[in-house]
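The shown structure was predicted, so the numbers you read here are calculated from the model rather than taken from an experiment. Naming convention: chains lettered A, B, ... in sequence-line order (proteins, then strands); numbering from 1 in each chain. Hydrogens, waters and symmetry mates play no part in the numbers below; they use all other heavy atoms, side chains included.
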Protein chains: 2
Amino acid sequence: MAVRDPRVTKAAPVDKRRIILDAAVRVFARDGFHKCRVSDIADEAGVAYGLVYHYFKSKDQVLDTLFLERWEVLLEAIRHTDATDLPAEEKLHAIAGFIIDSYRHDPDLMKVIIVEVTRAANSFGAVHIRKIDEAYALIRGVVEKAQQRGEFRSEIPAEFAVMSFYGAIEQVLTGWIFGLLDEGEDAYDSAKAHIVQTICGGLAA
Amino acid sequence: MAVRDPRVTKAAPVDKRRIILDAAVRVFARDGFHKCRVSDIADEAGVAYGLVYHYFKSKDQVLDTLFLERWEVLLEAIRHTDATDLPAEEKLHAIAGFIIDSYRHDPDLMKVIIVEVTRAANSFGAVHIRKIDEAYALIRGVVEKAQQRGEFRSEIPAEFAVMSFYGAIEQVLTGWIFGLLDEGEDAYDSAKAHIVQTICGGLAA
DNA sequence: CACCGGATTGACTCGTTAGTCAACCCGACG
DNA sequence: CGTCGGGTTGACTAACGAGTCAATCCGGTG
């Protein structure tokens, strides 16, 4: 996968840890966390079985690492968006956009995060609820501020608004993952717009 | 668990199959499908290990049965709602209501169905996509008809509308399952209303 | 060159558990 | 009373796979 110039081998210490993580993404996405074996990860990475345990305490920790790494990036993106003074609707568009672009950029990684963590209330979801809830809290902040400013109406509690918004995004991603929804460059942009339109403007004529 | 009067043993053939299924719901909800052992199900049912295999081909088939049984009921409910001539918004309210009431009535069963099947794109989700998609298709029908009648605006493709609607519902249920959202009788009714308000009326003031 | 220590290897252990199966229980029926 | 068969039992097997570990490799250092 990674392209290496043989002449600069010296300068490229080849981060095996990274290679293992990237391989794990592919394997988890393909076979699922539970069904795959640690040896599958090692094979996919072109690395000895034991090396996985040199870098990670357990199979679980590989997934934890993938999730935390990426989720932190997401939280940072949301915080950044929150800090701007865009209209609330555009903030939501930016957030939905970031998540969808993450999927566009690395579908396997997003698939793993959503399927194995975010939507897995048993196993891993439970372990990472706090982190997941941080994202909800941030988005809730966006909605609440908009309600105070009168941009959004206040009848709908922010908690439900957030769940609807985030749930809509994940459901669309899941649709792509399952192959139930058409994918493609324009589908991505169109999804961003339509999700935000639905949540902000509603379906009613 | 089950109380039997020795004098009427004859008249009560005690459906062990059902007892096993009900026990499985509790165990799957508590420990998760992957983490629990078949012996846990047998123990919870107060039945010998082997009997599980007398009634079911495999551990997987127990879950399959639970899912298919309940999903069929859901599909029927949606079809029934679809057949009425209520306004689209009320149809959506009825559908959201049915799902939320299912959770109210048997949280464990809904938890299992959502966590282990509906949201599990690897493992079981993949096996049952067709069935799951039937529900989406039915709801899509509701939306499309509303768009033709001019009740809903047509800019938003029905696929996205459905994903947003259904995603919102599942996300709220997941919030309850995770313990991130307050539960309680009024929370249930309020959720129904707010989800539909969000999807139909939008957040914008 | 000798030595050190971290990276890397992969064969092996050890617990776990899905699924099997031979035996047993018990009501029905002749 | 005997025997037939489906329901029921639970010990057992067979496989599997996570995690361990002793050995090896290799670049750096004195």
Side-chain angles (χ1 to χ4, degrees), chain A residues 1-2 4 6-24 26-28 30-66 112 116 120 122-124 127, chain B residues 1-2 4-28 30-66 112 116 120 122-124 127:
Chain A
M1 207 98 268
R4 265 188 293 157
R7 285 166 306 177
V8 273
T9 307
K10 175 96 173 296
V14 207
D15 186 351
K16 294 282 177 89
R17 190 187 124 97
R18 189 76 255 160
I19 288 177
I20 292 171
L21 283 172
D22 292 344
R26 274 172 266 134
V27 174
F28 290 162
R30 182 182 357 106
D31 305 335
F33 178 82
H34 290 290
K35 281 185 197 151
C36 82
R37 289 159 291 170
V38 173
S39 65
D40 293 334
I41 301 174
D43 290 351
E44 174 80 25
V47 132
Y49 187 92
L51 198 62
V52 175
Y53 287 91
H54 179 72
Y55 288 108
F56 303 95
K57 213 177 89 275
S58 66
K59 186 185 177 189
D60 287 17
Q61 209 196 55
V62 176
L63 180 55
D64 287 347
T65 305
L66 287 172
V112 169
E116 307 294 350
N122 295 310
S123 58
F124 286 92
V127 178
Chain B
M1 205 96 270
R4 263 189 292 160
D5 183 334
R7 286 167 306 178
V8 271
T9 305
K10 173 101 172 293
V14 209
D15 186 351
K16 294 280 177 89
R17 191 187 123 97
R18 188 77 254 157
I19 289 177
I20 292 170
L21 283 172
D22 292 344
V25 168
R26 274 172 265 131
V27 174
F28 289 163
R30 183 182 355 107
D31 305 335
F33 178 82
H34 289 290
K35 281 185 196 149
C36 82
R37 289 160 289 167
V38 173
S39 66
D40 293 333
I41 301 175
D43 290 351
E44 175 80 25
V47 131
Y49 186 92
L51 198 61
V52 175
Y53 286 91
H54 179 70
Y55 287 109
F56 303 95
K57 213 178 89 274
S58 64
K59 185 186 178 189
D60 286 17
Q61 208 196 55
V62 176
L63 179 55
D64 286 347
T65 304
L66 287 171
V112 169
E116 308 292 351
N122 293 310
S123 56
F124 286 92
V127 178

**Message:** Considering every strand and a 4.0 Å limit on heavy-atom distances, what is the contact class for B:Val52: base, sugar-phosphate, or nothing?
**Reply:** nothing

Roughly how many Å is it from [atom1] in [X] to [atom2] in [N], rounded to a whole number?
X: B:Ile19; N: D:dT9; atom1: CD1; atom2: P; value: 10 Å
X: A:Leu51; N: C:dG6; atom1: CG; atom2: P; value: 15 Å
X: B:His34; N: C:dA18; atom1: NE2; atom2: P; value: 11 Å
X: B:Arg37; N: C:dG19; atom1: CZ; atom2: C1'; value: 15 Å
X: B:Phe33; N: C:dT17; atom1: CZ; atom2: C1'; value: 12 Å
X: B:Arg17; N: D:dT8; atom1: CZ; atom2: C1'; value: 17 Å
X: A:Gln61; N: D:dG19; atom1: CD; atom2: P; value: 10 Å
X: A:Lys35; N: D:dG17; atom1: NZ; atom2: C1'; value: 16 Å

For [N] and [X] - does any side-chain N or O of the residue sit under 4.0 Å from the phosphate oxygens OP1/OP2?
X: A:Tyr49; N: C:dC12; result: no
X: B:Lys59; N: C:dG19; result: no
X: B:His54; N: D:dT8; result: no

**B:Asp22 and B:Arg26 ion-paired at < 4.0 Å** = no

**Fill in**
Regarding the side chain of B:Tyr53, the nearest nucleotide among C:dT20, D:dT9, C:dA7 is C:dT20

**Side chain of B:Tyr55 - closest among C:dA7, C:dG10, D:dT8** = D:dT8

**Asked** Can you check side-chain contact (heavy atoms from CB on, under 4.5 Å) on A:Leu21 and A:Tyr55, steps first, answer last?
**Response** CA-CA 10 Å; A:Leu21 283 172; A:Tyr55 288 108; over 6 Å; no

**Prompt:** Should the pair B:Phe33 and B:Phe124 be assigned to parallel (<30°), tilted (30 to 60°) or perpendicular (>60°) ring geometry?
**Reply:** perpendicular

**Request:** Could you check B:Lys57 against A:Ala48 and say which one's nearest nucleotide on DNA chain C is further toward the 5' end?
**Result:** A:Ala48

**Prompt:** Got a donor-acceptor contact below 3.5 angstrom from the A:Lys59 side chain to the A:Cys36 backbone?
**Reply:** yes

**side-chain contact (heavy atoms from CB on, under 4.5 Å) between B:His54 and B:Lys16, intermediate numbers included** = CA-CA 10 Å; B:His54 179 70; B:Lys16 294 280 177 89; over 6 Å; no

